[in-house]
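Input: a single structure, listed below in C-alpha cells.
Below, each value reflects all heavy atoms present in this structure, side chains not excepted, and no hydrogens, waters or symmetry copies.
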Amino acid sequence: TIVSDENNIKQSNKRVYFATFVSVFGAVCFGYTVGFPSPALPLMIKHNIITNQQSAYVGSSMMIGCLVGGLCGGELAERIGRRTAILGQAPLFAVGWVLVATGYFPLIIAGRVLTGIATGISSLVVPMYISEISPPEKRGYLCAMFTEGIVTGICLAYVGGYVLPYWRYLAILGMIPAFGLLLMMYVPETPHWYLKNGMRSEAASSLVWLRHSDGFAICKELSDIETSLVGSQSTKTFSLKDLMKSRYYKPVAVASVVMIFQQFCGMNAVNMYSQTVFIKAGVGNPQLGNVILGVLPVVLTPLLSLGLDRAGRKFMLIVSGVGMSVCANGFAVYLYVSKGNDSNSWLALVTIIGYMAFLQGGWGPVPWLITAEILPQRIKRVGSSLATSISWASAFVVTEQFNDAIMVFGEANVFWFFSVVLLIAITFVAVLVPETKRKSLEEIEE
C-alpha cells in the first residue's frame, strides 16, 4: 500500500509538472518579448530601421500593451477560464511578431503593443493557473517555474542576438514559443474556476487528473476549496466599496507595493537595455556579456527556487534584495570611477551578473507568487488585475525614462537609485509581507 501511494504521488507530480510546463510557454513568450529590445535595438539602429530616439518607443511601447493586458486579464480569467485565457495568447504573440518583422515603424509599435497585451495577460493568468493546480508543498517551486520561463525567453532572445546575423530573424524567432501554448488543449482547467462557476463534477475530474487519485484526499481537497469559496462563488456582487474592508485592501495593497518595488529595483530596465548598459560600461564584447547574462538565470532559477518552499518567501526576498542592492551599488561605483574605461570591465560584468543572479532567488519570482497566493478568491479578479496593472505601469515608467535618466543624472546615479529602492523594499518585506510557505490557498485566505 505504501509503495502504491508513493507511485500515485509520483504520477500525480508528473501530471502537475506537465500542466505547469505547458502553461509556462506563456512565460517564455513573455520573457522573449522583454528580452528582444536588448539585442535587436542596436541592430535596428545600425541598419537604419529606427532612429536612436525611436528605440525608446520600441522598448517601452510593449508596456502599454502589458498595462491593457493586465487590466483585462483578470476578467478574462474569470469569464473564460485560466486555461482558455492562456491558450488565447498564442495568436496575439504570433501576429504581434509578424507586425514587428515588417520593419515599418508604426507596425513595429503595433506589434510590440500586441505582444505586450499577451504578456500582460500571461503575467497575471499563468501564475494564477499554476497556483491553483499545485499542491501546497510544491506551489512555491512550481510557481517559480513561471520565472524560469521568463528567463528562458530572455535567454533565447540574447542568444538569438548573438547567433543570428539580422534583427528580423529575431522577430521571426519570437513566433516559435507561441506554438507551445497550443498544448494547453491537453491539460485541464483549474478546479477553483470550475467550482466558482458551479461545475462540481468538472472540478472533481480536474483534481482526479491532476492528483492521479480518486480517493478521500480528492474529496477533502474539493471540500476545502468549496469552503473557501462560500459566499464568493460569484464575483458579480463585488464592488469597489468592498476594497475598504481590511481583509481585502491589505492583501491588494501588499501585492501592489511589492510589484512596484520589483519594477523600481531596475529589473526590466536591465533586461531590456543590458547590451546598451554593457556598451556604456566599456565591456569589450557586450554581445557575449548579454549571452552570459541570459544563460545564468536559466541555470540558477530552478536551484534557488527550492528555497521558496524551504526558507520561505520573506527570507528569499530579503536575501535577494540585499544581494541585488550590493551589486547595483558596486556597478554604480564602477561606472562612477571608470567613466567608460574598459580596463576593469570584468567588474561591470561580475556586478551585473551578480545582480541578475540574486534577482532569480527572490525579486524575480516571488512578487508574482505572492500576488497569486495572498488575494482572496472573492477579489482575485479585481485585485490581481489591479496589482498587475500597477506593475506594468511602473515598468513603463522605468523603461521609458531609463535612457533619459542616464543622460540627465548619469549611469552611476541611476544604479545608486536602484540600490536605495531595494533597501526600502527589504524593510517593507520584513515588516508587512506575510509568510505563505507550505500553506494551502484556503489557509492563506483564512
Side-chain angles (χ1 to χ4, degrees), residues 27 30 70 73-74 77 122-134 136-150 192 228 243 246-265 267 301 304-321 324 358-392 394-395 421-422 424-446:
F30 171 165
S122 174
S123 67
L124 188 153
V125 182
V126 174
M128 186 186 295
Y129 178 83
I130 297 173
S131 70
E132 291 183 358
I133 66 170
S134 302
E137 68 276 7
K138 299 278 185 185
R139 193 176 60 245
Y141 183 78
L142 290 175
C143 283
M145 291 304 99
F146 173 68
T147 301
E148 174 69 1
I150 295 173
H192 288 74
S228 74
L243 281 177
S246 63
R247 66 168 301 192
Y248 294 139
Y249 77 72
K250 285 183 178 179
V252 171
V254 168
S256 299
V257 173
V258 168
M259 286 294 200
I260 291 172
F261 281 131
Q262 183 194 48
Q263 297 301 334
F264 276 89
C265 75
M267 176 185 70
T301 298
L304 295 174
S305 297
L306 292 170
L308 295 177
D309 286 320
R310 295 178 181 178
R313 283 62 156 155
K314 286 184 69 166
F315 178 79
M316 295 300 286
L317 277 177
I318 291 170
V319 172
S320 170
M324 289 170 67
F358 279 108
L359 173 69
Q360 306 317 315
W363 283 96
V366 176
W368 301 109
L369 174 58
I370 285 177
T371 300
E373 286 184 327
I374 68 173
L375 297 177
Q377 285 291 332
R378 177 173 170 78
I379 63 162
K380 184 158 280 192
R381 177 181 63 185
V382 175
S384 58
S385 290
L386 180 61
T388 304
S389 298
I390 288 174
S391 171
W392 288 117
S394 302
V421 168
L422 282 159
I424 298 171
I426 292 166
T427 304
F428 178 84
V429 169
V431 176
L432 294 173
V433 174
E435 182 55 73
T436 58
K437 70 172 181 176
R438 295 186 177 274
K439 294 181 181 179
S440 70
L441 296 180
E442 292 69 45
E443 289 172 332
I444 293 170
E445 185 166 343
E446 290 175 2

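To the nearest 0.5 angstrom, Ser123 atom OG is 10.0 Å from Met128 atom CE. A distance of 9.5 Å separates OG in Ser134 from CD in Glu373, rounded to the nearest 0.5 Å. To the nearest 0.5 angstrom, Leu422 atom CG is 13.0 Å from Ile318 atom CD1. Residue Lys250 holds its NZ atom at 9.5 Å from CG of Leu432, rounded to the nearest 0.5 Å. Separating the CD1 atom in Ile370 from the OG atom in Ser131 is a distance of 13.0 Å, to the nearest 0.5 Å.
Nearest heavy-atom pair across Cys265 and Met324 is SG-CE, 3.6 Å. Closest approach of Leu359 and Met267 over heavy atoms only: CD2-CG, 3.5 Å. Contact record, Gln262 with Gly364: NE2-O, 3.1 Å, taken as the closest heavy-atom pair. Residue Gly321 comes nearest to Ile426 through the heavy atom pair C-CD1, 3.4 Å, listed as atom of the first residue, atom of the second, then distance. Residue Val125 comes nearest to Ala77 through the heavy atom pair CG2-CB, 4.1 Å, listed as atom of the first residue, atom of the second, then distance. Across Gly362 and Pro367, no two heavy atoms sit closer than the pair O-CD, 3.6 Å.
Under the side chain to side chain donor-acceptor pair (under 3.5 Å) criterion, Ser384 pairs with no residue, sequence neighbours left out. Annotation: side chain to side chain donor-acceptor pair (under 3.5 Å) contacts of Thr147 (sequence neighbours excluded): none. For Phe315, the side-chain contact (heavy atoms from CB on, under 4.5 Å) partners two or more places apart in sequence, or in a different chain, are Ala311, Val319. Ile390 pairs by the side-chain contact (heavy atoms from CB on, under 4.5 Å) definition with Ser256, Ile260, Leu386, Ser394, not counting sequence neighbours. By the side chain to side chain donor-acceptor pair (under 3.5 Å) test, Glu148 pairs with no residue at all, sequence neighbours left out. Lys138 meets the side chain to side chain donor-acceptor pair (under 3.5 Å) test with Tyr17; sequence neighbours excluded. A search for side-chain contact (heavy atoms from CB on, under 4.5 Å) contacts involving Phe261 returns Val257, Trp363, Val421, Ile424, Ala425, Phe428, not counting sequence neighbours. The ring-ring contact (aromatic ring centres under 6.0 Å, His included) check on Phe146 picks up Phe30, Trp368, with sequence neighbours excluded. Legend: residues meeting side-chain contact (heavy atoms from CB on, under 4.5 Å) with Thr371, ordered by chain and number and at least two apart, are Ala255, Met259, Leu375, Ala387.
Using a 4.5 Å heavy-atom cutoff, the side chains of Pro127 and Cys143 are not in contact. No side-chain heavy atom of Val433 sits less than 4.5 Å from a side-chain heavy atom of Arg313. Taking the side chain as every heavy atom from C-beta outward, Pro365 and Leu369 never approach each other to under 4.5 Å. Contact of the Leu124 side chain with the Ser385 side chain is registered, since non-hydrogen atoms from C-beta on lie closer than 4.5 Å.
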Where do Val429 and Val366 land on the side-chain contact (heavy atoms from CB on, under 4.5 Å) test, with the steps shown first?
CA-CA 11 Å; Val429 169; Val366 176; over 6 Å; no

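Under a 3.5 Å cut-off, the side chain of Lys314 and the backbone N or O of Pro434 do not form any donor-acceptor pair.
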